[in-house]
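To keep things clear, I will list the structure first and then write my remarks on it.
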Amino acid sequence: MKKENIGRLVAALVIPIVIGGISAALSAKGMINYATMNKPPLSPPAWMFPVAWTILYLMMGFASYLIVVSEGEMRSKAMALIIYALQLLMNFMWSIIFFKWEQFMTAFAWLVVMFVFVIGCTIRFWRIKKLAAYMMIPYIAWLMFAAYLNMGAYILNQA
């Protein structure tokens, strides 16, 4: 692996981890409140969320790295990475909307829009490097599960 590609790989892996970490830090108090809320069946234990998100962030970071170093057309790669960055920004905000502001229905709507961006990103990745798209599939599955948990929290915790 070329030296500049090692730097790109490290950056691609670190960026989503840092963004997710900052979002979690900003939402920490709400995450504590979540522990005491009514949750839908199949809700995982609290320790599972940071583990799952770390794995997902590393997978999506690696997917973005594959796009950066791919031999695809520069314009196509740039658009794929812009959509990737937008969905990452939406991901950052979802935790704040859900945990910090406790706006569960708004968070659900935000999640639906984020899901569309992630699907769009995955399709663009597929056109450039199929492995990058495959790396996004667990994230898509987790977002569907998160939508279930989000809506469940909304329904079960209405005042």
If the condition is side-chain contact (heavy atoms from CB on, under 4.5 Å), which residues does Pro50 pass it with, not counting sequence neighbours?
none
Provide the full list of side-chain hydrogen bond (donor to acceptor under 3.5 Å, both in side chains) pairs with a residue in residues 49-64, sequence neighbours left out, each pair given once.
Tyr57-Asn91
Listed partners of Ile140 passing side-chain contact (heavy atoms from CB on, under 4.5 Å), at least two apart
Phe115, Val118, Ile119, Thr122, Met144
OH on Tyr148 to CG on Leu42, rounded to 0.5 Å
4.5 Å
Are any of the side-chain heavy atoms of Trp94 and Asn150 separated by less than 4.5 Å?
yes
For Trp110, the ring-ring contact (aromatic ring centres under 6.0 Å, His included) test, sequence neighbours excluded, returns none
Which residues satisfy the ring-ring contact (aromatic ring centres under 6.0 Å, His included) test with Tyr34, sequence neighbours excluded?
Phe98, Phe99
According to a 4.5 Å side-chain heavy-atom criterion applied to Ile, Leu, Val, Met, Phe, Trp and Tyr, with indirect links allowed, do Val116 and Met114 form part of one hydrophobic cluster?
no
The complete set of side-chain hydrogen bond (donor to acceptor under 3.5 Å, both in side chains) pairs with one or both residues in residues 96-105, sequence neighbours excluded, reads Asn33-Glu102
Provide the full list of side-chain hydrogen bond (donor to acceptor under 3.5 Å, both in side chains) pairs with a residue in residues 68-83, sequence neighbours left out, each pair given once.
none
By side-chain contact (heavy atoms from CB on, under 4.5 Å) - contacts of Ile155 (at least two apart)
Met151
Could you tell me which residues satisfy side-chain contact (heavy atoms from CB on, under 4.5 Å) with Val18, sequence neighbours excluded, listed by chain and number?
Val14, Ile22
Keeping to residues at least two apart or across chains, list the side-chain hydrogen bond (donor to acceptor under 3.5 Å, both in side chains) pairs with something in residues 1-12.
Asn5-Arg8
